[in-house]
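See below for the structure under consideration.
One-based numbering, in listed order, for ligands and for the atoms of each. Numbering of residues begins at 1 and proceeds along the displayed sequence.
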Amino acid sequence: MLSPLVSVSIPPPSATQHPYNRHAMTLAHALPILDLGPVRPTYAQGPRSLDAVRLLRISVTDRCNFRCVYCMPEDGVPFTEQNDLLSADDILDVARAAAEVGVTHFKVTGGEPTVRHDLIDIVRGLAALGPQDLSLTTNGVLLDKLARPLREAGLDRLTFSWDTMRPDRFARIARGAGRDGERALSQLRRGIDAALDAGFDRLKINVVVIGGVNDDEVADFARLTVDQPFTVRFIEYMPLGDATLIDLAGEDAALGSPYTVDNHDVRLAIEAELGPMRPVDRTSEAGVGPANVFRLPGAVGKIGFISAMSQPFCETCNRLRLTATGELRACLFEGGEVSVLPSLRNITDRDARTADLIDRMRQCVALKPDVHSQRGNRAMSQLGG
Ligand code: SAM
Ligand code: SF4
């Protein structure tokens, strides 16, 4: 059995130990948040074109009922006051402008999007814009009540985050409302059942693989795809913000966290137990995400690998992010932020506001770096994943 997470032993980081060093770029530890206007970081070499953007990831809140070790510190998380969050109308204004310039996919995320009280209104408004794909990512514990209303509001797809099948580990990874691991796990399973009952049929399951914590469960998760039509996606842990895993690894690990497991090794571990997988045509997979997708022999579902650390996919990045407080964000790791608040608060004419929002999107996309650095300056819960 694992020792408590806080005492998981960490190998001392060294240049030879971390294969990610081969991607080492300028470190982004001290990046300023660029909220005064578009300032191009010196490491950005774009320009990127807004024409390439297909997906807007919309964070509707920075709050969460969990405190996952890879996402947040356990205590003292500074959440935004309710009044400082974008309203549902604000979010729809930005989404409408994005749709005008060819964004076809919206992803609702957070923090935990299901803790926002007007979530259903937001989803209904986004669906009314007629996107090709409208999806939401959730930790799943409130989904048994929300799956059907979300479906009725026009949501197309759901992604569940699920990192371990073991209650004791669940409690140590998710913390917060996940602290009763047994209960949280059964709520999550009920949420998945409720999603299937409500007619969501292309469920994705995100597993963040954490070295020394849940990496011995990857074959168990892969096995789910044998008789379930899920896409189980293994995500390399990314060192972002001030999550507990950042503290545990220490600043010396800046060039590659000991908790990040190369997806190549995850694939080998799965194949050793379940046989060789073969690649799946990416266009058969819902969404426009960065996963490389495979199938086990005879399996109904699929397996995806999101390898932002070992194989950065910045070259094909097709997304923009909108934070719950109104910043467009070019990249998960780098600064590259442009506020939409001046458009939303100062421009009353709707067409002029839309034009200004589009201009800000264009400025933001140009801030994308060629390749992201090794350490992001804001938490995933603030950026929306
Ligand atoms: N609360 C929702 C959830 O957990 O699904 C949505 C927001 S969460 C920030 C979006 C996704 O990012 C989740 O699948 C989560 O596991 C993943 N994530 C969070 N922090 C991460 C990190 N440091 N590295 C890799 N994935 C991370
Ligand atoms: Fe909450 Fe999702 Fe972050 Fe976990 S990953 S703390 S569920 S926002």
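Judged by distance alone, with hydrogens and angles left aside, the side-chain atoms of Asp118 form no donor-acceptor pair with the main-chain N or O of Asp121 at under 3.5 Å. Without hydrogens or angle criteria, Arg96 side chain to Leu129 main chain gives no donor-acceptor distance under 3.5 Å.
Which parts of ligand 1 touch Ile235 is read off a 4.0 Å heavy-atom cut-off, strictly below it: atoms 25 (C), 26 (N). Using a 4.0 Å cut-off to heavy atoms of Asn206, the atoms of ligand 1 that qualify are 14 (O). Close approach to Val208 involves these atoms of ligand 1, each under 4.0 Å from a residue heavy atom: 16 (O), 26 (N), 27 (C). Those atoms of ligand 1 that come under 4.0 Å of a heavy atom in Met238, given as number and element, are 22 (C), 23 (N), 24 (N), 25 (C). Here is the list of ligand 2 atoms found below 4.0 Å of a heavy atom in Asn139: 7 (S). The ligand atoms of ligand 1 that sit less than 4.0 angstrom from a heavy atom of Glu236 are 25 (C). In summary, the atoms of ligand 2 found under 4.0 Å from a heavy atom of Cys71, numbered by their order in the structure, are 3 (Fe), 5 (S), 6 (S). Interface atoms of ligand 2 facing Gly111, defined by a heavy-atom separation under 4.0 Å, are 8 (S). If you number the atoms of ligand 1 from 1 as listed, the ones under 4.0 Å from a heavy atom of Gly110 come out as 7 (C), 9 (C). Here is the list of ligand 2 atoms found below 4.0 Å of a heavy atom in Tyr70: 5 (S).
Between Thr159 and Arg233, the side chains place no donor N or O within less than 3.5 Å of an acceptor N or O (distance only, hydrogens not considered). Residues Glu337 and Ser339 bring no donor and acceptor atom of their side chains to less than 3.5 Å of each other. A donor atom on one side chain and an acceptor atom on the other are found under 3.5 Å apart for Asp90 and Ser87. No side-chain N or O of Thr354 forms a donor-acceptor pair with one of Glu100 less than 3.5 Å apart. Side-chain contact annotation: Glu112 with Thr61, donor-acceptor N/O pair under 3.5 Å absent.
Contact annotation for Thr137 and ligand 1: heavy atoms of both the backbone and the side chain come within less than 4.0 Å of the ligand. Only the backbone of Thr138 comes within contact range of ligand 1, with a heavy atom under 4.0 Å; no side-chain atom does.
Closest heavy-atom approach to atom 7 (S) of ligand 2 within the set Gly176, Gly241, Cys64: this belongs to Cys64.
Aromatic pair Phe234/Phe221: centroids not less than 6.0 angstrom apart.
The shortest N/O to N/O separation between Glu112 and ligand 1 falls below 3.5 Å. Residue Ser161 has at least one nitrogen or oxygen atom sitting less than 3.5 Å from a nitrogen or oxygen atom of ligand 1, judged on distance alone. No N or O atom of Thr109 sits closer than 3.5 Å to an N or O atom of ligand 1.
Distance check for Cys68 against atom 4 (Fe) of ligand 2: an N/O/S atom falls below 2.8 Å.
Under the 4.0 angstrom criterion for non-hydrogen atoms, Gly111 is in contact with ligand 1. The closest approach between any non-hydrogen atom of Cys64 and ligand 1 is not below 4.0 Å.
Under the 4.5 Å side-chain heavy-atom criterion for Ile, Leu, Val, Met, Phe, Trp and Tyr, Leu268 and Met309 are members of distinct hydrophobic clusters. Cluster annotation: Leu92 is not connected to Leu85 through the hydrophobic network of ILVMFWY side chains, with a link wherever side-chain heavy atoms come within less than 4.5 Å.
The pair Asp220-Arg223 meets the salt-bridge criterion, since a charged nitrogen lies less than 4.0 angstrom from a carboxylate oxygen.
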request  = Begin with the C-alpha distance, continue with both residues' side-chain angles, and end with the deciding distance and a verdict on side-chain contact (heavy atoms from CB on, under 4.5 Å) for Val280 and Ile303.
outcome  = CA-CA 9 Å; Val280 170; Ile303 294 175; over 6 Å; no
